[in-house]
Undergrad: 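Handing you this structure, nothing more for now.
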Amino acid sequence: MGSIRLEGVSKTFGRTTVIPGVDLDIKDGTFVVFVGPSGCGKSTLLRLIAGLEDVSAGRIIIDGNDVAKLPPAKRGLAMVFQSYALYPHMTVRKNIGFGLRMAGRPRDEVARKVEAASNVLNLSAYLDRKPGELSGGQRQRVAIGRAIVREPKAFLFDEPLSNLDAALRVQMRLEIARLQKNLATTTVYVTHDQVEAMTLADRIVVLNGGRVEQVGSPLELYARPDNLFVAGFIGSPRMNFVSGELAARMGAATIGVRPEHIVASRDGEGWRGTVVAAEHLGSDTFLYIDVPQTDGITARAIGELGLKQGDPVRLASDPARIHRFDSQGRALRQ
Amino acid sequence: MARRVSPARIALTTVVAWTVGFVIFFPILWTVLTSFKTELEAFSIPPKFLFFKWTLENYRLVQERSDYLAHAWNSVVLSFGSVLLAMLIAVPAAWAMAFAPTERTRGTLLWMLSTKMMPSVGVLVPVYLIYRDLGLLDSHIGLIALLCLANLPIVVWMLFTYFKEIPKGILEASRMDGIGTGREIVFVLAPMALPGIASTLLLNVVLAWNEAFWTLNLTTSKAAPLTAFIASYSSPEGLFWAKLSAASTLAIAPILVLGWLTQRQLVRGLTFGAVK
């Protein structure tokens, strides 16, 4: 079991309020991702749950018990750090088993659990090495191994993939997803990378300035963002926003449309524009288009569309795909 | 590409380095040589460098007149005792300052260091009177406590700088692993900081070994270390250079050997963190 509930959790450092007050419900077994730009308080919130920082106010309830005043060790959680934070003077075997040994578990039980974890994580060949002799991906697997042997109520991941190169990141992302599905352990995962958030999460919590902007499944956030911030943060390349007269015509202060929902053509219906730049990625082409009365529009076209810099272009979009926002940035629903 | 250095330059720097090294080492060499001379040759002018009649007479007389081993043992007890005691206090203190600092941590550290700037003689009378009334004069306990306090600021500072180098995340990981503060220090911090702890220990043992002001003023015989052993060969009966040199050689020999054997640790300790 591992349900986590935050009630009015806030954190201030001196006079700076980092988290003004967060309420959140994390159901047992779900994979929740905190995502937001750097400095949005997502790591602080994770550290508050972990107990590495003390809450200034509010309650943190794990499986029905308020743990806000308990030290990290008493909360039954395990954490994987961005820097891996392995014990450099211990072998992989000892790193993974350290928590269990310190808890006074019998030697053979520790050995068995370390063995099992290292099999799951493909670390069996490295058990007698020290962290300094491992690659970044292997180190991160050791850190994950250290977390899973303790059979915690929940895993906490603090940007675990940021120190890995791009290819390894994709591979580890898949491994983490697979592992979490197999173990079905509640997981809270912090990242600034919205692709990681979209691919891993059952539910995404979008944070901005210490506030929860929206909570929902990846596709909910993509299809029905509550506000401008979420609309701009989720999705890559980011949503195009247009204000002023063009938006007013649709009864909104701002309208937003995703690059992939814009159809660009040489001749047809829609806004007139000029191609400023075209990025050909093979499967996709990103077009950066200068359109009067806008700050420029990005459009995604499939495959090789023969448009190049300076070409005139017409842009159209399905009206149902256009998001409307009021002057406060809140979404207007039909 | 590496910087190209001409052979002439290498030769020059080698000569300069050896010269400086020799100048620094010369007083010790001269002391050792003098200890093997007769009293007459010890202050002959011009001084004799190597060609004199080598004798062990001084060592025999020194050992006859005073008990070298008793003093040496006192030096060991006082230096190691005071530094180990200081470690017991300083490790938790430095841990707190490095990993749980408050607004006043920096000020506290600077204040601790500033106490080293006060001349010891300024508090000699009160300390002497207190020690006399408590019966701590010429006792191991009293001297260990005093030397411990005298070196504590340096011990805390050194450990603090070493601990600062250790990533906080690793200690947090151990906290998540369910470990309390005491075991965190023993099983996680101490092994990682071992080079730093070792060099702090060594350097402060050397400092305590060489400490002369308090040991000379507060001891007479029972707890008197080698500093008092050397001092007893100056003035009263006139200056006996050869015997004084023999006593000094005997007194510095153990610490010289210790320094020689641990020089890698010492240098590493002093430059720890300077290079990554």
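Chain identifiers are assigned alphabetically (A, B, ...) following the order of the sequence lines, protein sequences preceding nucleic acid strands; residue numbering begins at 1 within each chain.
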Undergrad: Return the CZ to CZ distance between A:F98 and B:R183, rounded to the nearest 0.5 Å.
TA: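 Result: 7.5 Å between the selected atoms.
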
Undergrad: Using a cut-off of 6.0 Å, state whether more than 12 heavy atoms not belonging to B:K116 lie near its atom NZ.
TA: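 Yes, the 6.0 Å shell around NZ holds more than 12 heavy atoms from other groups.
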
Undergrad: Below 4.5 Å from any heavy atom of chain B, which atoms of A:R75 appear? Answer side chain, backbone, both or neither.
TA: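 Neither; nothing under 4.5 Å.
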
Undergrad: Whether the side chain of B:R175 engages the backbone of A:G51 through a donor-acceptor N/O pair (distance < 3.5 Å, no angle test) should be reported.
TA: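 No: the side chain of B:R175 does not pair with the backbone of A:G51.
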
Undergrad: Would you say NZ of A:K69 has more than 12 non-hydrogen atoms from neighbouring residues, nucleotides or ligands within 6.0 angstrom?
TA: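 Incorrect, the count does not exceed 12.
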
Undergrad: Can a donor-acceptor pair be found, under 3.5 Å and without considering hydrogens, that links the side chain of A:H89 to the backbone of B:A193?
TA: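 Here the side-chain-to-backbone pair does not exist.
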
Undergrad: Just wondering, are more than 12 heavy atoms of other shown residues or ligands nearer than 6.0 Å to CD1 in B:I141?
TA: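 At most 12 heavy atoms, drawn from other residues, nucleotides or ligands, come within 6.0 Å of this atom.
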
Undergrad: Measuring from atom CG of B:L171 to atom OH of A:Y87, what distance do you get when rounded to the nearest 0.5 angstrom?
TA: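 Taking CG in B:L171 and OH in A:Y87, the distance rounds to 9.0 Å.
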
Undergrad: Quick check for you: to the nearest 0.5 Å, what is the distance between A:K94 atom NZ and B:F187 atom CZ?
TA: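 The NZ atom of A:K94 sits 11.0 Å away from the CZ atom of B:F187.
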
Undergrad: Counting only non-hydrogen atoms closer than 4.5 Å, does A:L100 touch chain B with its backbone (N, CA, C, O), its side chain (CB onward), both, or neither?
TA: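 It is neither, since no heavy atom gets under 4.5 Å.
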
Undergrad: Checking heavy atoms, do the side chain of A:A50, its backbone, both or neither come under 4.5 Å from chain B?
TA: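 Backbone plus side chain of A:A50, per the 4.5 Å heavy-atom cut-off to chain B.
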
Undergrad: Taking all non-hydrogen atoms of both residues into account, name the closest pair between A:A85 and B:G169 and its distance.
TA: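 That would be CB-O, 3.4 Å.
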
Undergrad: Give, for atom CE of B:M176 and atom CZ of A:R146, the distance between the pair rounded to the nearest 0.5 Å.
TA: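 If I round to the nearest 0.5 Å, the distance is 10.0 Å.
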
Undergrad: Kindly give the heavy-atom pair with the smallest separation between B:I170 and A:P88, and that separation in Å.
TA: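 Looks like CD1-CD, 3.9 Å.
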
Undergrad: Any chance you could measure A:S83, atom OG, to B:E172, atom CD, to the nearest 0.5 Å?
TA: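 Taking OG in A:S83 and CD in B:E172, the distance rounds to 8.5 Å.
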
Undergrad: Shorter than 4.5 Å, heavy atoms on both sides: which option in A:A103, A:A147, A:G99 has the most such pairs with chain B?
TA: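 Result: the option with the highest number of such pairs is A:G99.
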
